[in-house]
Amino acid sequence: MTAEELYNRLNKIQPGAVLCHYTMEKCEQMLPLINEINELKKQKDVVILAHAYCAPEIVLGVADYTGDSFKLSEDATKVSQKTILFSAVRFMGETAKILNPAKDVLIPGPLTGCSLADSITGKEVRALREKYPDHTFVCYINTTADVKASCDVCVTSGNVMKIVESLPTDKIVFVPDRLMGQNIIDEMKRRGVKKEIVLHNGCCYVHKTYDPELIQFFRSQNPGLKVISHPECEPSVAALSDYVGSTGQMVSYIKDQPAGSKFLLLTECGLNARMHYEHPEMEFIGSCSMCKYMKSNSLENILETLRHPEHAEHVELDENVRIAAKKCIDAMFHYAAL
Ligand code: 13P
Ligand code: SF4
């Protein structure tokens, strides 16, 4: 790739944040890093998976696969390289390791947490199981391997409604996202599905920032505005949205709208950046909330991890935990395919 080619890809992205402001000079500075990463990938037989919330130069410059949690967990089952470098957060690296125990999985970011995954431990889930022995335990994919190992079925933002509806039980404990859980309860009511759903108290610190006033303000300034939100947002935000869906579902929804449509995307700013690049015929306004964990991935730390991976950057899991967590993820693939 030349600096000009990279510039042509990135110069269309202007969501407003300094982090995503690309000049030719910035592209020239990034190019040696991108070329060295792409060369090392070949030499060391590494594949890079990057979540859509990572910085655009990672998604467009070095990633082999990009997408949302569900797509990336499916991609992780298909790769042939002996090492997976996951530009995302730790729970996603753990998911890749659960599905690919023989592969070396590397996580480069210095901030590898997630406010949802960090809100509950496996020990807390096991205590809840004693309190609710007759309930089916459903966990969001944004959880540690130990939490998945203690639950019955995993879900992503893209398949959660379908799976909760089709589970052959009417008693569910859903962990850890309280806001997504409330959105599930509301959606089940709309569908006329009777389920008792017990919630935990976690939330995504990025998505919880949006509120109805923000939507009302932008609508008043932009007639015809289409508001799209993620199910990790407040139910009051979901209720005012034209569409609620996972990262991948939002991308499909936008693709199907007529050229010239105007969108307010209530999700992490990485998706805004990608939509600016992929849909120059559409208009994207407003909100730009950044996930510090996802954005702590950089070309510099990906390169450093490829050159000399440190011990903590290798994802390692206890084999019993891995096997139990895999059952939980396999249950998700089973119900998602029904
Ligand atoms: P999806 O990738 O499933 O849309 O989830 C968003 C998210 O917050 C990932 O951490
Ligand atoms: Fe976690 Fe929210 Fe960041 Fe996703 S956006 S990694 S849910 S803190």
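All ligand and atom numbering here is 1-based and tracks the order in the structure. Since the structure is predicted, the reported quantities are computational estimates derived from the model, not experimental observations. Numbers for residues simply follow the sequence, beginning at 1. The figures here come from the full heavy-atom set of this structure, side chains too, leaving out hydrogens, waters and symmetry mates.
- Of all the heavy atoms in Ser246 and Asp68, the pair that sits closest is OG-OD2, 3.3 Å.
- Annotation: Glu130, atom CD; neighbour count of heavy atoms from other residues, nucleotides and ligands within 6.0 Å does not exceed 12.
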Trace of the side chain to side chain contact (heavy atoms under 4.5 Å, CB included) decision for Tyr210 with Ser289: CA-CA 9 Å; Tyr210 305 119; Ser289 291; 3.3 Å; yes
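- At a 4.0 Å cut-off, not a single heavy atom of Tyr293 sits close enough to ligand 1 to count as contact.
- Within the 4.0 Å heavy-atom cutoff, Thr156 does not count among the residues contacting ligand 1.
- By the 4.0 Å heavy-atom criterion, His51 is counted among the residues contacting ligand 1.
- Looking only at protein heavy atoms, the nearest one to atom 10 (O) of ligand 1 is Asn142 ND2, 3.2 Å.
- Within ligand 1, the atoms closer than 4.0 Å to a non-hydrogen atom of Asp68 are 1 (P), 2 (O), 4 (O), numbered from 1 in the order shown.
- Ligand-side atoms of ligand 1 in range of Ser157: 1 (P), 3 (O), 4 (O), 5 (O), range being under 4.0 angstrom from any heavy atom.
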side-chain hydrogen bond (donor to acceptor under 3.5 Å, both in side chains) assessment of Thr267 paired with Tyr53: CA-CA 9 Å; Thr267 190; Tyr53 294 172; 3.1 Å; yes
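- Of the protein's non-hydrogen atoms, the one nearest atom 5 (O) of ligand 1 is His230 NE2, 3.4 Å.
- Assignment of Gln249 to the shell around ligand 1 is not supported, since no heavy atom sits closer than 4.0 Å.
- Checked for salt-bridge contact, Lys71 and Glu74 miss the test: no charged N lies under 4.0 Å from a carboxylate O.
- Counting heavy atoms under 4.0 Å from ligand 1, residue Tyr53 touches it through the side chain alone.
- Across Lys262, Arg219, Lys226, a single residue satisfies salt bridge (Lys or Arg N to Asp or Glu O under 4.0 Å) together with Asp242, and that is Arg219.
- Contact record, Cys154 with Lys148: SG-CE, 3.9 Å, taken as the closest heavy-atom pair.
- Protein heavy atom closest to atom 7 (S) of ligand 2, with residue, atom name and distance, is Asn142 ND2, 3.1 Å.
- Listed for the Lys82 side chain is no donor-acceptor partner under 3.5 Å among the backbone atoms of Asp104.
- Among all protein heavy atoms, the one lying closest to atom 4 (O) of ligand 1 is Thr247 OG1, 2.6 Å.
- A salt bridge links Arg129 with Asp152: the distance from a Lys NZ or Arg NE/NH1/NH2 to an Asp or Glu carboxylate oxygen falls below 4.0 Å.
- A salt bridge does not link Glu94 to Lys97: none of the charged nitrogens lies less than 4.0 Å from a carboxylate oxygen.
- Residue contacts with ligand 2: His51 is excluded, as none of its non-hydrogen atoms falls under 4.0 Å.
- Numbered from 1 in the order shown, with element, the atoms of ligand 1 that lie under 4.0 Å from a heavy atom of Tyr140 read 5 (O).
- Inspection of the environment of atom 3 (Fe) of ligand 2 yields the following protein N, O or S atoms under 2.8 Å: Cys291 SG.
- His279 NE2 to Lys255 NZ: the interatomic distance, rounded to the nearest 0.5 Å, is 7.0 Å.
- Each of the following atoms of ligand 1 lies closer than 4.0 Å to a heavy atom of Glu232: 5 (O), 6 (C), 7 (C), 8 (O).
- Side-chain contact annotation: Glu268 with His230, donor-acceptor N/O pair under 3.5 Å absent.
- Under 4.0 angstrom from ligand 1, there are no non-hydrogen atoms of Ile141.
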Worked check of salt bridge (Lys or Arg N to Asp or Glu O under 4.0 Å) between Lys42 and Glu39: CA-CA 5 Å; Lys42 277 188 247 155; Glu39 192 46 46; 3.7 Å; yes
